[in-house]
Amino acid sequence: MGIHNADIAEAFAEIGDLLAIQGDNPFRIRAYRRASQIVRSLPRELAEMHDASEYEALPGIGADLAAKIAELVRTGHLDTLDALRRKVPSGVRELLSLPGMGPVRVRALANKLHVRSRADLERAVASGRLEKLRGFGPALQSGLQTALAVQPAAGSAKRLPLFVAAQYAEPLRRYLQSIPGVARVEIAGSYRRRRDTVGDLDVLLCAPPDVNPFDALGRYPDLGTLSAAGTTKASGVLRNGLQIDVRVVPPESFGSALHYFTGSRDHAIRMRRRAQERGLKLNEYGLFRGTARIAGETEEDLYRRLGLAWIAPELREDRGEIEAAEKGTLPPLIERADLKGDLHVHTDASDGHDSLEKMAAAAREQKLAYIAITDHAKHLGIVHGLDAARLERQAAAIDALNEKLRDLVILKGAEVDILEDGRLALPDSVLARLDVVVIAIHGHFDLSEAKQTARVLRALERPHVSILAHPSGRLLGEREPCALDLERVLEAARDRPCYLEVNGQPARLDLDDVHVKAARDRGVLLSIASDAHSADQLANLEGGVRQARRGWARKEDVLNACPLGELRKLLRRTRL
DNA sequence: GCCGTTTTCGGCCCGACTGTTTTCAGTCG
């Protein structure tokens with residue numbers, strides 16, 4: 001209800017675009033765009049902060065923008081934005097998304113040819129009126145014509161889930177690695193930062209100056225088009241539509257290039273500014289004092305020469321990591337080897353593919369000390385869900401298997417549906433006999449935020465709840481997160497207590513990074529889970545760990561990084 | 001519009017590539 005951070009972020013982004021089209025001060029424009037990004041990635045809803053002075057404490061938000069946030073929260077709109085919209089016709093802004101179209105050319109179109117929409121532009125191109133305009137040559141015009149015909153009107157740039165991008169990135173990496181003379185290949189960008197989605201592939205090649213790998217790149221079977229290729233930089237599009245940008249750098253620059261192309265953009269900008277403050281210059285070729293390169297071969301050197309500890313790529317989002325690196329307070333991030341168990345695992349008793357025995361064997365191969373079998377509980381809509389009697393039989397089978405196993409303990413659990421009204425799909429008397437009760441939403445994703453939040457909070461009041469699984473219900477590229485006030489859910493989880501899952505299924509990665517950090521900051525422990533439905537899917541734990549790392553999680557923040565004895569204590573604390 | 005180890009004005013990251021230029025502006029990442 002009310003205004004969300006995403007609305008505020010969009011308002012600032014729109015102001016930035018409209019100011020750019022008007023030819024306003026570029027630094028003012030940047031301030032709005034930066035504020036938009038900052039607001040978008042905040043875990044707390046600005047509308048719920050009671051003291052508006054808190055706005056000004058945010059980096060990049062000064063007195064003016066704080067007042068604008070307050071105005072948006074109070075009134076739902078913004079005078080500045082309304083005024084700009086009156087000056088710049090709607091439809092002009094979306095011209096910015098066309099290739100080769102920046103603020104200068106968009107302004108020329110609007111002012112000189114009265115183009116105020118994509119349709120106007122199409123007509124202007126067709127009638128040849130663009131030719132009179134300075135800066136609109138034949139190449140640009142034909143590019144526009146293609147884009148207008150092909151590109152869908154809105155929301156064109158589609159990001160791929162990380163695991164889908166990996167299916168294209170890894171073969172490309174192997175191909176490039178095989179080119180003679182290429183010493184090293186790294187996929188940088190958001191792929192290296194392990195963001196949950198990837199917009200393009202930033203590929204870095206290490207090769208001496210006499211090697212030109214772009215001929216070979218042009219012959220890559222999955223390549224669609226190679227749109228630009230200079231001596232050190234090429235870009236193109238794979239057949240599946242994924243944009244790739246390839247850069248070639250010499251070994252002495254590899255670290256600085258890797259740093260720059262790993263990003264994020266904001267992190268890299270902060271680093272360059274930091275260099276500048278010290279009388280140095282940082283670019284993709286190295287860190288320079290005058291013309292002398294003082295670092296560049298490795299990232300570690302670069303950070304050290306700027307007075308910082310090396311920062312893991314997962315943290316490079318300009319969310320406080322540079323300050324932490326300066327103070328020496330970067331968190332020692334959780335690693336896969338820290339996980340002692342997995343508390344969300346299915347078998348063929350419900351919708352999994354493999355038997356209890358096979359899942360246990362796979363868990364031992366993954367070097368886990370314990371797993372919880374959490375098959376779906378029976379209720380309408382869940383196929384093969386377990387009722388009380390079948391849970392009883394599974395418990396007996398687990399007891400028997402535990403007798404035989406020496407290095408793995410199997411805990412008894414269930415994944416229980418949260419019904420539409422917040423009740424659970426199994427009675428408390430049945431849940432009381434389990435070691436681990438995982439609860440989750442599996443339907444009615446489209447309730448209002450008020451109803452969805454009340455539903456989950458009510459479920460958390462039940463006496464035998466250990467873990468809230470995949471809290472947002474999102475499926476990357478398929479289903480948006482449901483409207484849920486995660487702030488209130490986190491507070492309820494902290495006070496209760498119970499734990500929140502970081503689901504490692506590649507299409508879920510739920511909680512997201514921002515809410516992992518919010519949970520961590522509140523002291524709510526995380527359960528990094530595979531949600532495996534087959535033996536090989538226990539490997540999902542790796543993806544969960546990556547996601548947790550992006551949210552600054554240490555092993556102390558993770559429930560299943562505890563040894564079994566400690567885990568049992570923590571699980572008992574959830575019994576009300 | 002933000003911000004301060006160049007502190008309340010005067011800066012603000014940096015380079016590659018393209019197209020349209022006759023020396024560089026604009027876009028992009």
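The chains referred to below are lettered A, B, ... by the order of the sequence lines, with proteins before strands, and numbering in each begins at 1.
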Taking the side chain of [X] as its heavy atoms from C-beta onward, which of [options] lies nearest to it?
{"X": "Arg134(A)", "options": "dA16(B), dT21(B), dG1(B)", "result": "dT21(B)"}
{"X": "Tyr285(A)", "options": "dG15(B), dG26(B), dC2(B)", "result": "dG15(B)"}
{"X": "Pro103(A)", "options": "dT27(B), dG1(B), dG15(B)", "result": "dT27(B)"}
{"X": "Arg273(A)", "options": "dC17(B), dG1(B), dC12(B)", "result": "dC12(B)"}
{"X": "Arg265(A)", "options": "dC14(B), dG1(B), dG29(B)", "result": "dG29(B)"}
{"X": "Tyr260(A)", "options": "dT27(B), dG29(B), dC2(B)", "result": "dG29(B)"}
{"X": "Gln276(A)", "options": "dT21(B), dG15(B), dC13(B)", "result": "dC13(B)"}
{"X": "Lys281(A)", "options": "dG29(B), dC13(B), dG15(B)", "result": "dG15(B)"}
{"X": "Tyr32(A)", "options": "dG1(B), dC13(B), dG29(B)", "result": "dG1(B)"}

From [atom1] of [X] over to [atom2] of [N], roughly how many Å is that when rounded to an integer?
{"X": "Leu58(A)", "N": "dC3(B)", "atom1": "CG", "atom2": "C1'", "answer": "15 Å"}
{"X": "Gln243(A)", "N": "dT27(B)", "atom1": "CD", "atom2": "C1'", "answer": "13 Å"}
{"X": "Glu56(A)", "N": "dG4(B)", "atom1": "CD", "atom2": "P", "answer": "12 Å"}
{"X": "His259(A)", "N": "dC14(B)", "atom1": "NE2", "atom2": "C1'", "answer": "13 Å"}
{"X": "Gln22(A)", "N": "dG1(B)", "atom1": "CD", "atom2": "C1'", "answer": "16 Å"}
{"X": "Ile244(A)", "N": "dA16(B)", "atom1": "CD1", "atom2": "P", "answer": "20 Å"}
{"X": "Arg278(A)", "N": "dG4(B)", "atom1": "CZ", "atom2": "P", "answer": "14 Å"}
{"X": "Ile69(A)", "N": "dC2(B)", "atom1": "CD1", "atom2": "P", "answer": "10 Å"}

Look at [X] together with [Y] and state whether they make a salt bridge at an N to O cut-off of under 4.0 Å.
{"X": "Asp513(A)", "Y": "Arg319(A)", "answer": "yes"}
{"X": "Arg316(A)", "Y": "Glu299(A)", "answer": "yes"}
{"X": "Glu10(A)", "Y": "Arg93(A)", "answer": "yes"}
{"X": "Glu170(A)", "Y": "Arg173(A)", "answer": "yes"}
{"X": "Arg474(A)", "Y": "Asp196(A)", "answer": "yes"}
{"X": "Arg272(A)", "Y": "Glu284(A)", "answer": "yes"}

Between [N] and [M], how many Å separate the two [atom1] atoms, rounded to a whole number?
{"N": "dT8(B)", "M": "dC14(B)", "atom1": "C1'", "result": "28 Å"}
{"N": "dC9(B)", "M": "dG15(B)", "atom1": "C1'", "result": "29 Å"}
{"N": "dC12(B)", "M": "dT6(B)", "atom1": "C1'", "result": "13 Å"}
{"N": "dT22(B)", "M": "dC17(B)", "atom1": "P", "result": "23 Å"}
{"N": "dT23(B)", "M": "dC28(B)", "atom1": "P", "result": "25 Å"}
{"N": "dC13(B)", "M": "dC2(B)", "atom1": "P", "result": "16 Å"}
{"N": "dA16(B)", "M": "dT7(B)", "atom1": "C1'", "result": "36 Å"}

Of all the heavy-atom pairs spanning Ala35(A) and Ile61(A), show the shortest one and how long it is.
CB-CD1, 3.8 Å
Scan [X] against the nucleic acid and name what it touches under 4.0 Å (heavy atoms): base, sugar-phosphate only, or nothing.
{"X": "Met101(A)", "value": "sugar-phosphate"}
{"X": "Arg247(A)", "value": "sugar-phosphate"}
{"X": "Ile29(A)", "value": "nothing"}
{"X": "Pro59(A)", "value": "sugar-phosphate"}
{"X": "Asp200(A)", "value": "nothing"}
{"X": "Phe261(A)", "value": "nothing"}

Measure the acute angle between the ring planes of Tyr303(A) and His259(A), then classify it against the limits of 30° and 60° as parallel, tilted or perpendicular.
perpendicular
Any side-chain N or O of [X] under 4.0 Å from OP1/OP2 of [N]?
{"X": "Lys233(A)", "N": "dG29(B)", "answer": "no"}
{"X": "Ser235(A)", "N": "dA16(B)", "answer": "no"}
{"X": "Tyr55(A)", "N": "dC2(B)", "answer": "no"}
{"X": "Arg105(A)", "N": "dG26(B)", "answer": "no"}
{"X": "Arg30(A)", "N": "dC13(B)", "answer": "yes"}
{"X": "Arg28(A)", "N": "dG1(B)", "answer": "yes"}
{"X": "Gln141(A)", "N": "dG19(B)", "answer": "no"}

Both distances under 3.5 Å, Watson-Crick or G-U wobble: report the partner of dT8(B), or none.
none
Would you kindly compare Gly230(A) and Leu133(A) by the position of their nearest DNA chain B nucleotide and give the one closer to the 5′ end?
Gly230(A)
If you assign Val106(A) and Leu282(A) each to the DNA chain B nucleotide with the nearest heavy atom, which residue ends up on the more 5' nucleotide?
Leu282(A)
Side chains of Tyr260(A) and Asn283(A): closer than 4.5 Å at any heavy-atom pair?
no
Below 3.5 Å, does any donor atom in the side chain of Asn25(A) face an acceptor in the base of dG1(B), or the other way round?
yes
